[in-house]
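All remarks here apply to the structure that follows.
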Amino acid sequence: MSVTIWHNPRCSKSRQTLQLLQDRGIQPVILEYLKTPPDAAAVRRTLDLLNLSPRELMRSGEQEYKDQNLSDPSLSDDQLIAAMVATPKLIQRPVVFAGNRAAIGRPPESVLDIL
(Lines give C-alpha, C1' and ligand atoms only; values in the text may rest on other atoms or scores of the structure.)
Protein backbone atom coordinates (compact mmCIF):
# COMPACT_ATOMS: atom_id res chain seq x y z
CA MET A 1 0.00 0.00 0.00
CA SER A 2 1.29 3.42 -0.92
CA VAL A 3 1.49 5.95 1.90
CA THR A 4 1.82 9.70 1.37
CA ILE A 5 2.28 12.46 3.94
CA TRP A 6 1.54 16.15 3.49
CA HIS A 7 4.56 17.24 5.49
CA ASN A 8 5.93 20.45 6.95
CA PRO A 9 9.46 19.80 8.24
CA ARG A 10 9.23 22.83 10.55
CA CYS A 11 6.21 21.35 12.40
CA SER A 12 6.99 19.08 15.36
CA LYS A 13 3.78 17.03 14.91
CA SER A 14 4.61 16.53 11.25
CA ARG A 15 8.16 15.40 12.08
CA GLN A 16 6.86 13.08 14.82
CA THR A 17 4.29 11.55 12.47
CA LEU A 18 6.90 10.98 9.76
CA GLN A 19 9.22 9.38 12.33
CA LEU A 20 6.37 7.17 13.58
CA LEU A 21 5.79 5.89 10.03
CA GLN A 22 9.50 5.33 9.41
CA ASP A 23 9.88 3.51 12.74
CA ARG A 24 7.27 1.06 11.44
CA GLY A 25 9.24 0.46 8.25
CA ILE A 26 7.01 2.70 6.13
CA GLN A 27 8.81 5.01 3.71
CA PRO A 28 6.02 7.37 2.69
CA VAL A 29 5.98 9.66 -0.30
CA ILE A 30 6.75 13.01 1.31
CA LEU A 31 4.91 15.96 -0.17
CA GLU A 32 6.09 19.24 1.32
CA TYR A 33 2.74 20.90 0.76
CA LEU A 34 4.03 24.40 1.49
CA LYS A 35 6.44 24.08 -1.46
CA THR A 36 4.05 22.09 -3.67
CA PRO A 37 0.53 23.09 -2.61
CA PRO A 38 -2.36 20.74 -3.36
CA ASP A 39 -4.85 21.88 -5.95
CA ALA A 40 -8.57 22.31 -5.23
CA ALA A 41 -9.35 18.75 -6.37
CA ALA A 42 -6.77 17.32 -3.95
CA VAL A 43 -8.17 19.39 -1.08
CA ARG A 44 -11.72 18.23 -1.91
CA ARG A 45 -10.61 14.58 -2.02
CA THR A 46 -8.84 15.05 1.32
CA LEU A 47 -11.96 16.55 2.86
CA ASP A 48 -14.00 13.60 1.58
CA LEU A 49 -11.51 11.05 2.94
CA LEU A 50 -11.37 12.79 6.32
CA ASN A 51 -15.13 13.44 6.36
CA LEU A 52 -14.48 17.07 7.32
CA SER A 53 -15.83 20.41 6.22
CA PRO A 54 -13.30 22.86 4.74
CA ARG A 55 -13.27 24.95 7.91
CA GLU A 56 -12.46 21.84 10.01
CA LEU A 57 -9.30 21.28 7.95
CA MET A 58 -8.14 24.85 8.45
CA ARG A 59 -5.70 26.18 11.03
CA SER A 60 -7.89 28.94 12.42
CA GLY A 61 -5.12 30.22 14.71
CA GLU A 62 -2.93 31.32 11.80
CA GLN A 63 -2.62 35.06 11.16
CA GLU A 64 -3.54 34.45 7.51
CA TYR A 65 -6.90 33.03 8.68
CA LYS A 66 -7.63 36.29 10.47
CA ASP A 67 -6.18 38.48 7.70
CA GLN A 68 -8.39 36.81 5.07
CA ASN A 69 -11.47 36.98 7.35
CA LEU A 70 -11.99 33.24 6.90
CA SER A 71 -14.18 32.99 10.01
CA ASP A 72 -16.92 34.76 8.01
CA PRO A 73 -19.82 32.26 8.06
CA SER A 74 -21.06 33.49 4.66
CA LEU A 75 -17.98 32.09 2.88
CA SER A 76 -18.76 29.07 0.72
CA ASP A 77 -16.89 25.77 0.79
CA ASP A 78 -15.40 26.69 -2.58
CA GLN A 79 -14.08 29.98 -1.18
CA LEU A 80 -12.53 28.22 1.83
CA ILE A 81 -10.94 25.57 -0.40
CA ALA A 82 -9.58 28.32 -2.66
CA ALA A 83 -8.04 29.99 0.41
CA MET A 84 -6.29 26.73 1.38
CA VAL A 85 -4.95 26.30 -2.15
CA ALA A 86 -3.70 29.90 -2.24
CA THR A 87 -2.35 29.77 1.34
CA PRO A 88 -1.44 26.14 2.12
CA LYS A 89 -0.17 27.18 5.57
CA LEU A 90 -3.87 27.19 6.51
CA ILE A 91 -4.15 23.39 6.08
CA GLN A 92 -3.95 21.23 9.20
CA ARG A 93 -0.81 19.13 9.24
CA PRO A 94 0.30 16.55 8.75
CA VAL A 95 -2.18 14.60 6.65
CA VAL A 96 -1.32 10.98 5.92
CA PHE A 97 -2.92 9.06 3.07
CA ALA A 98 -2.94 5.27 2.84
CA GLY A 99 -4.98 3.64 0.10
CA ASN A 100 -8.45 5.21 0.20
CA ARG A 101 -8.07 6.49 3.74
CA ALA A 102 -6.61 9.60 5.33
CA ALA A 103 -5.89 10.87 8.84
CA ILE A 104 -4.50 14.01 10.42
CA GLY A 105 -1.45 13.30 12.56
CA ARG A 106 -2.69 15.13 15.66
CA PRO A 107 -1.70 13.25 17.72
CA PRO A 108 0.78 11.38 15.49
CA GLU A 109 -0.56 8.00 16.63
CA SER A 110 -3.95 8.76 15.04
CA VAL A 111 -2.50 7.85 11.63
CA LEU A 112 -1.97 4.25 12.76
CA ASP A 113 -5.71 3.62 12.39
CA ILE A 114 -5.52 3.91 8.59
CA LEU A 115 -2.44 1.72 8.04
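What you see is a predicted model, and the numbers here were worked out from it, not measured in a lab. As a basis for the values below, the full set of heavy atoms in this structure was taken, side chains included, without hydrogen atoms, waters or symmetry mates.
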For [X] and [Y], work out which heavy atoms get closest and say how close.
X: A98; Y: V3; value: CB-CG2, 4.1 Å
X: A103; Y: S110; value: CB-O, 4.0 Å
X: G99; Y: R45; value: O-NH2, 3.8 Å
X: S14; Y: N8; value: OG-N, 3.0 Å
X: T17; Y: P94; value: OG1-CG, 3.5 Å
X: K66; Y: G61; value: NZ-O, 3.2 Å

When rounded to the nearest 0.5 Å, the distance separating OG1 of T87 from CD of Q63 is 12.5 Å
Rounded distance [0.5 Å steps], CG in D77 versus OG in S53: 7.0 Å
So does [Y] get a backbone contact from the side chain of [X], meaning a donor-acceptor N/O pair under 3.5 Å?
X: S71; Y: Y65; value: no
X: R101; Y: L115; value: no
X: R44; Y: I81; value: no

Can you run down the salt bridge (charged side-chain N to carboxylate O under 4.0 Å, His left out) pairs that involve residues 2-17, sequence neighbours left out, and say none if there aren't any? none
Under the salt bridge (charged side-chain N to carboxylate O under 4.0 Å, His left out) rule, what pairs show up with a residue in residues 50-65, not counting sequence neighbours? R59-E62, E62-K89, E64-K89
Common cluster, [X]/[Y], ILVMFWY with side-chain heavy-atom separation under 4.5 Å:
X: Y33; Y: V111; value: no
X: L50; Y: W6; value: yes
X: V85; Y: I91; value: yes
X: L31; Y: I5; value: no
X: M84; Y: L34; value: yes

Does some side-chain heavy atom of [Y] sit less than 4.5 Å from a side-chain heavy atom of [X]?
X: T46; Y: F97; result: yes
X: I104; Y: L57; result: yes
X: Q22; Y: Q27; result: yes
X: P28; Y: L18; result: yes

Evaluate whether atom CG of N100 has more than 12 neighbouring non-hydrogen atoms of other residues, nucleotides or ligands under 6.0 angstrom away. no
Within the supplied structure, the quantity of interest is the number of heavy atoms (other residues, nucleotides, ligands) at a distance under 6.0 Å from D23 CG; does it exceed 12? yes
For Q79 and D72: C-alpha separation, side-chain torsions, deciding distance, then whether side chain to side chain contact (heavy atoms under 4.5 Å, CB included) applies. CA-CA 11 Å; Q79 288 171 305; D72 181 344; over 6 Å; no
Return yes if a side-chain donor-acceptor contact under 3.5 Å exists between D78 and S76, otherwise no. no
Decide side chain to side chain contact (heavy atoms under 4.5 Å, CB included) for N69 and L75; before the verdict, give the C-alpha distance in whole Å, the side-chain angles of both, and the deciding distance to 0.1 Å. CA-CA 9 Å; N69 196 29; L75 292 174; 6.0 Å; no
